[in-house]
> 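One structure follows; several queries about it will come next.
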Amino acid sequence: MITRRRLLEAAGTGAVLAVAGRELSRTFVTQAFVTEAEAQAAGLSLPAQLPQGTRQEAVLEALPSKQPLIKLSYRPPNYETPIELLRTAITPNDAFFVRYHLSDIPEVNADTWRLSIGGEGANGEASLTFDELRRLPAVEVAAVCQCSGNRRGLFEPHVPGVEWGYGAMGCARWKGVPLKDVLDRVGLKNEALEIVVAGADKGAVDKTPAFIKSIPVWKAIEETTIVAYEMNGRPLPHWNGFPARVVVPGWTATYWMKHVSRINVVTKPFDGFWMKSAYRIPLGKFPIVARFASQETAVNTPITEMVVNSLVTSHADGAIVKAGGRVTIGGLAWDAGYGIHAVEISTDGGSNWTAAALGEDIGRFAFRTFSHAVAMPMKGSYKIMARATNKIGQSQATALIANPAGYHHNVIQTLNLVAA
Ligand SMILES: Nc1nc2c(c(=O)[nH]1)N[C@H]1C(S)=C(S)[C@@H](COP(=O)(O)O)O[C@H]1N2
Ligand SMILES: [Mo]
């Protein structure tokens, strides 16, 4: 899962960085689809459960350096990956979803970028240039980056927030320096409680609180939690955090700070808006192992690790297939890093389940592909359910677990196929 890489491997990336910097001109390929049929024909298949307004406004649009993704908003940029681009364990950089909270997106110059480290819980202050960061011993980890609110748009009743369908997620090979090694530049005091990470984002109006997050020390110093500067062997795309972002494998993407510029060690719970008021789940409702104890209240707790989940990506809901043979269903399964144990398929409404074939295991935090051939002897509609189980015995929810912010949607999917 993790390979110690030679320092030399980072050497050749300078030219690419310059190119990435130039690619930020704001030219767009925009296509607005008028009817459902046109949208389908152009490859935009949206889940039927999404709010009507979202379905009407979503368009396929290519940000600079990206393939066309499903645009939910431009300011701030929120673009999800169509399921057709989620058929492989690794999501290409140009297909990777984009999510920001604030409208003013930092365009960072790697030459002048600095990562400063300090705070009252640290033994001193330090600062790293981009070259200094890349000269530190690097590791690589394949990990799923999934928005806490992925599938929020499927909540019934609907809840407010970005109305994501299935594609606010992706999996990449992230290369960077363990956050622990970065923290070792200053050293932690015994009382160190949380590691606060900040990027360079600003709101369009100053009333939006700056996007700042904290991570408990125990998670921050795990060997897989890194300050990443490469994604799938390339510099991070601007939209995914150039020049460096925090990668917290297993945990939802809210902690994966893009354009990270400041790391603050604190001895008291960090009480910024994005910790205290946002990204919280009711206590005791979800089967969560990883706790963020210093941030818990009597009623709620910060979202931490992802719940076990799966998604059929070979076919869109309602797709037409050929009757009289077998149809191979394929997709992805993932969890918080306990590892996928099995993906099972049911074609009879959940009474009987058959194990699907699992693809290559590229790491416990990564997507695991699966495939399964389903017989469709006659014309008509077929309902196919997929259910993942992880190695600690957790499985997907059979009914939606309601929560105000629309997090952790992992209800077993039912895919409708029409054999014709
Ligand atoms: N600087 C910065 N980092 C950020 C955010 C942000 O708004 N600003 N959003 C977070 C959230 S909620 C998500 S889902 C992920 C999205 O990562 P991506 O845009 O690379 O897909 O970035 C995280 N890191
Ligand atoms: Mo998110």
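Predicted model, so just to flag it, every value in this text is computed and none were measured. Worth knowing before you read on, the calculation uses all heavy atoms, side chains too, and leaves out hydrogens, waters and symmetry mates. Just so you know, ligand 1 is whichever comes first in the structure, and atom 1 is the first atom listed for that ligand.
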> What about Cys145: any of its N or O atoms under 3.5 Å from an N or O on ligand 1?
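Not met; the criterion fails.
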
> Considering only heavy atoms from C-beta outward, does the side chain of Ile215 approach that of Glu194 to under 4.5 Å?
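The answer is no, as the side chains (C-beta and beyond) never meet within the 4.5 Å cut-off.
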
> Exactly one of Arg185, Arg262, Arg114 should register a salt bridge (charged side-chain N to carboxylate O under 4.0 Å, His left out) with Glu125. Which one does?
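Exactly one pass, corresponding to Arg262.
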
> Using a strict 4.0 Å cut-off to heavy atoms of Val98, name the atoms of ligand 1 that fall inside it.
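With Val98 as reference, the close atoms of ligand 1 come out as 19 (O).
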
> When you measure from atom 5 (C) of ligand 1 to every protein heavy atom, which one gives the shortest distance, and what is it?
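Among all protein heavy atoms, the one nearest atom 5 (C) of ligand 1 is Phe211 CE2, 3.3 Å.
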
> When you check the gap from the basic side-chain N to the acidic O, do Glu132 and Arg135 get nearer than 4.0 Å?
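No, Glu132 and Arg135 are not salt-bridged.
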
> Less than 4.5 Å apart, side chain to side chain, heavy atoms only: is that true for Arg280 and Thr297?
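Touching, per the 4.5 Å side-chain cut-off.
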
> May I have the step-by-step check of ring-ring contact (aromatic ring centres under 6.0 Å, His included) for Tyr279 and Tyr407, ending in yes or no?
CA-CA 8 Å; Tyr279 288 104; Tyr407 296 144; 5.6 Å; yes

> List every atom of ligand 1 that sits less than 4.0 Å from any heavy atom of Trp256, numbering the atoms from 1 in the order shown and giving each element.
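Every atom of ligand 1 under 4.0 Å from some heavy atom of Trp256: 22 (O), 23 (C), 24 (N).
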
> Under 4.0 Å, heavy-atom basis, I'd like to know which part of Asp201 is in contact with ligand 1: side chain, backbone, both or neither.
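Just the side chain.
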
> Please list the nearest protein heavy atom to atom 3 (N) of ligand 1 with its residue and the distance rounded to 0.1 Å.
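Nearest neighbour among protein heavy atoms for atom 3 (N) of ligand 1, to 0.1 Å: Lys258 N, 2.9 Å.
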
> Which ligand 1 atoms does Cys147 reach within 4.0 Å, using its non-hydrogen atoms?
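By the 4.0 Å cutoff, the relevant atoms are 14 (S).
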
> Nearest 0.5 Å please: distance from the CZ atom of Arg234 over to the CZ atom of Arg173.
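One gets 15.5 Å once the value is rounded to the nearest 0.5 Å.
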
> Measure from atom 11 (C) of ligand 1 to every heavy atom in Gly199, Ala253, Ala210 and give the option owning the shortest one.
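Ranked by closest heavy atom to atom 11 (C) of ligand 1, first place is Ala253.
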
> Do Ile90 and Asn232 touch side chain to side chain, with heavy atoms closer than 4.5 Å?
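A side-chain contact under 4.5 Å exists here.
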
> At under 4.0 Å between heavy atoms, which part of Tyr279 makes contact with ligand 1: side chain, backbone, both or neither?
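Side chain only.
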
> Polar contacts were defined as any N/O atom of the residue lying under 3.5 Å from an N/O atom of the ligand; does this apply to His101 and ligand 1?
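Yes.
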
> Could you identify the single nearest non-hydrogen protein atom to atom 21 (O) of ligand 1 and state the distance to 0.1 Å?
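It is Phe97 O, 2.7 Å.
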
> Assess Arg245 for proximity to ligand 1: is some non-hydrogen atom of it under 4.0 Å away?
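It does; at least one heavy atom falls under 4.0 Å.
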
> Heavy-atom distance under 4.5 Å between the side chains of Arg364 and Tyr338, does that happen here?
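No. Closest side-chain heavy atoms not under 4.5 Å.
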
> If we set the cut-off at 4.0 Å for heavy atoms, which region of Trp239 has an atom near ligand 1: side chain, backbone, both, or neither?
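Only the backbone of Trp239 comes within reach of ligand 1.
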
> What atoms of ligand 1 come closer than 4.0 angstrom to any heavy atom of Asn240?
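So the atoms of ligand 1 that pass are 18 (P), 19 (O), 20 (O), 21 (O).
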
> Only one of Lys66, His259, Arg245 clears side chain to side chain donor-acceptor pair (under 3.5 Å) with Asn240; which?
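So the option named by the test is Lys66.
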
> Judged by non-hydrogen atoms, does Tyr255 sit under 4.0 Å from ligand 1?
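The answer is no: ligand 1 sits nowhere under 4.0 Å from a heavy atom of Tyr255.
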
> Out of the candidates Tyr79, Trp174, Trp239, only one should pair with Phe96 under the ring pair (Phe, Tyr, Trp, His ring centres under 6.0 Å) rule; please name it.
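So the option named by the test is Trp174.
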
> Does any part of the side chain of Asn123, heavy atoms only, come nearer than 4.5 Å to the side chain of Lys189, both counted from C-beta?
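In short, these two side chains touch, coming nearer than 4.5 Å.
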
> Side chain, backbone, both or neither: which part of Gln146 comes within less than 4.0 Å of ligand 1 when only heavy atoms are counted?
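For Gln146, there is no contact with ligand 1 at all, from either part.
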
> Please confirm whether Thr254 comes within less than 3.5 Å of ligand 1 when only nitrogen or oxygen atoms on both sides are compared.
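Between Thr254 and ligand 1 (N or O atoms, distance only) the closest approach is not under 3.5 Å.
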
> Have Thr267 and Glu120 got a donor and an acceptor in their side chains that come within less than 3.5 Å?
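Side chains of Thr267 and Glu120: pair found under 3.5 Å.
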
> Counting from 1, what ligand 1 atoms have a heavy atom of Tyr100 closer than 4.0 Å?
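Those atoms are 7 (O), 8 (N).
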
> Can you list the ligand 1 atoms lying under 4.0 Å from a non-hydrogen atom of Met257?
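Those atoms are 1 (N), 2 (C), 3 (N), 24 (N).
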
